[in-house]
Structures are given as structure tokens and as C-alpha cells.
Amino acid sequence: LGAGRGACLVAVLPGQVALGQGEESLRKRFGDGLTLLHVEQDSRVAERLWPHLLQDRLDIMETLGVTPPGVLRVILAHSDKAFAQYVPGQGRDTVGAYLLGQRVIVLRSPRTSAAQWDLRGVARHELVHGLLDLAVDGPIPRWLNEGLALLVAGDIDFLDDARLNLAAVTGQLIPLSRLVYGFPEQHGVRSLAYAQAASFSRFLLSRGGMTAVQWLVRELGQGVPAH
């Protein structure tokens, strides 16, 4: 399914686009808690991705200690135009997004670009966002949402520790209060925001292991605000 996450960006976005336009022509796969939609030309990609989606969903729920009700829709966007319909305003280096509140994951089809990326890895990251959205009624700060997704999806080792350490030494860390509702658009600063989010998850893991992560998610699910 491709390799090399590299500079690919994944985003949590508020659901602001109308879904359903043209979806009647898409092929659909149905499973427990998931639906995958794609055009016929992406049937081979979908066939390879589908079992991974089903298994990764189960693994993520076990890791987070949640079994939320509801179904997530995964849309494999077959073109730049199709991706932009669901995820407006994002560059071509954005290959996946979760539409917050709409229970929709949008993945860019590998056919849309000569570049390679880890499609399963991006999908797994967005699945974490989706399952957190199902499990927690209230808003989760963006820095916490991304930190948990990086940890649970196994992306935590791909972050730039050198950049994080330099920012800490030079006093350039981004206040978490500025990362509650979104991340900066500038690529370099955005990378730092992801690194800071990952740093929190590492700290949580070092203090209490996955038990601490599950406790935090359980508290969020019960309406305890994240301070």
C-alpha cells in the first residue's frame, strides 16, 4: 500500500462540506462499524485496504479501551477534485483527513499522485480520530487528539525530536492554548505542533503506560474536560 510517510500531512477538520453528492455511483463495502466507498478504478486498492481497515479498527479499540457505537465512512477520493470536495483548502501533501462530527474519513487514492505514502498508516491515524470522535461527545483539544492518534497509530517515532528539543532550548515552543482548535498552516511550525503533541503522549505513556491512556480516554468519554 505504499511506503514513506515523509512530509504527508494528516488533518482533523470540522465537518463543513455537504456529503452524499455523487456517492450513489460509488462502490461500497460494508463491515462491522465501517463502510468503504470508492470508484471502480480504485477497486484493487480498496480490496487491499479493506481487511486492514477492519483489523486496525479492532486493534485501535482494544488499545484505547473503547467500544463506541456508530459507523465510520471511509471515502477513497479518486482525484484531486474529489478530495477537495470533501477536504477544501488543503494542499496536495494532505493525503488523509477526518471530518470531525461527520464520522467521515477521506483518503487520497494513490492513483492521484506519483508520490508514495503509507496509505494504511494514514488510514490508521484517521481511524483513531474517528473512534475518539465516536467515544467522546465533547470536543477534544487538537493537540491532545493528534497526540493520541500519533501514539495509537504507531506514528510516534516519525516525529522530529531534534526540532522539538531546539524549540524547547530557544523558547520557541507553541503554547498549547494556541493548539486547542487547530494547528498552524506553515509547514515547519505545523511539524513542531505535531512533535509537541507526540511529546505529551510519550510523557503520558512513560508515566502510566497504556493504562494511563485508556484512563484519559475514559475520563473524556464521561465528560471530564481536558485541561
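Predicted model, so just to flag it, every value in this text is computed and none were measured.
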Checklist line | Residues which pass side-chain contact (heavy atoms from CB on, under 4.5 Å) with Q55, listed by chain and number, not counting sequence neighbours | finding: L58, D59
Notebook entry, point to check: Taking side chain as C-beta onward, heavy atoms only, is L119 less than 4.5 Å from P110?
Noted result: yes
Note to self: Test of understanding: with side-chain hydrogen bond (donor to acceptor under 3.5 Å, both in side chains), list the residues that count as partners of R92, not counting sequence neighbours.
What the structure shows: D80
Check: How long is the gap from CD on Q41 to CG on L76, to the nearest 0.5 Å?
Finding: 11.0 Å
Next item on the list: Locate the shortest heavy-atom distance separating S201 from L148; write the atom from each residue and the value.
Entry: OG-N, 3.5 Å
Notebook entry, point to check: Between D133 and L100, is any pair of side-chain heavy atoms under 4.5 Å apart?
Noted result: yes
Notebook entry, point to check: Tell me, do H38 and R29 make a side-chain contact under 4.5 Å, heavy atoms counted?
Noted result: yes
Note to self: Taking the side chain as everything from C-beta on, heavy atoms only, tell me whether L131 gets closer than 4.5 Å to L72.
What the structure shows: yes
Checklist line | Main-chain N/O of T35 paired to R73 side chain as donor or acceptor, under 3.5 Å | finding: no
Next item on the list: Using modelled atom types only, decide if a donor and an acceptor are shared between the side chain of R218 and the backbone of G65 within a distance under 3.5 Å.
Entry: no
Next item on the list: Of all the heavy-atom pairs spanning L34 and W50, show the shortest one and how long it is.
Entry: O-CH2, 3.7 Å
Margin query: When you measure from the side chain of R108 to the backbone of T94, do you find a donor-acceptor pair of N or O atoms at a distance under 3.5 Å?
Written below: yes
Check: What are the two closest non-hydrogen atoms of R142 and Y181, and how far apart are they?
Finding: CB-C, 4.2 Å
Note to self: Walk me through whether H125 and E146 qualify under side-chain contact (heavy atoms from CB on, under 4.5 Å).
What the structure shows: CA-CA 9 Å; H125 182 106; E146 290 293 355; 3.0 Å; yes
Notebook entry, point to check: Mind checking whether R103 and L134 have side chains closer than 4.5 Å, heavy atoms only?
Noted result: yes
Notebook entry, point to check: Rounded to the nearest 0.5 Å, how far apart are CZ of R163 and CD of Q172?
Noted result: 7.5 Å
Check: Is there a side-chain contact (heavy atoms from CB on, under 4.5 Å) between T63 and L151 once you walk through the steps?
Finding: CA-CA 10 Å; T63 300; L151 172 65; over 6 Å; no
Check: Looking at OH of Y98 and CD of E126, how far apart are the two atoms once the value is rounded to the nearest 0.5 Å?
Finding: 10.0 Å
Notebook entry, point to check: So do L192 and L164 actually touch side chain to side chain, heavy atoms under 4.5 Å?
Noted result: yes
Margin query: If you compare all heavy atoms of L107 against all heavy atoms of A123, which two are closest, and at what distance to 0.1 Å?
Written below: CD1-CB, 3.7 Å
Notebook entry, point to check: Got a sec, which residues hit side-chain hydrogen bond (donor to acceptor under 3.5 Å, both in side chains) with R111, two or more places apart in sequence or on another chain?
Noted result: D42
Next item on the list: Flag yes if V180 and Y194 sit in one hydrophobic cluster, no otherwise; membership is Ile, Leu, Val, Met, Phe, Trp, Tyr, and two members link when side-chain heavy atoms are under 4.5 Å apart.
Entry: yes
Next item on the list: Evaluate the side-chain proximity of L179 to P184: yes if any heavy-atom separation is below 4.5 Å, no if none is.
Entry: yes
Next item on the list: Mind running side-chain contact (heavy atoms from CB on, under 4.5 Å) on H129 and I105 for me, showing each step along the way?
Entry: CA-CA 9 Å; H129 289 314; I105 294 168; over 6 Å; no
Next item on the list: Indicate the atoms forming the closest heavy-atom contact of L64 with Q214, along with that distance.
Entry: O-CG, 3.5 Å
Checklist line | Flag, side chain of S109 to backbone of T112, donor-acceptor distance under 3.5 Å | finding: no
Notebook entry, point to check: Are side-chain heavy atoms of L36 and K28 found at a separation under 4.5 Å?
Noted result: no
Next item on the list: Please test Q196 against F200 for side-chain contact (heavy atoms from CB on, under 4.5 Å), starting from the C-alpha separation and ending with a verdict.
Entry: CA-CA 7 Å; Q196 290 184 213; F200 169 79; over 6 Å; no
Item checked: Over all atoms of both residues, closest heavy-atom pair of L150 and A197 -> CD1-CB, 4.5 Å
Item checked: Side-chain donor or acceptor of R57 paired with backbone N/O of D32 under 3.5 Å -> yes
Next item on the list: Sort out for me which residue in L132, V128, V217 forms a side-chain contact (heavy atoms from CB on, under 4.5 Å) with V152.
Entry: V128
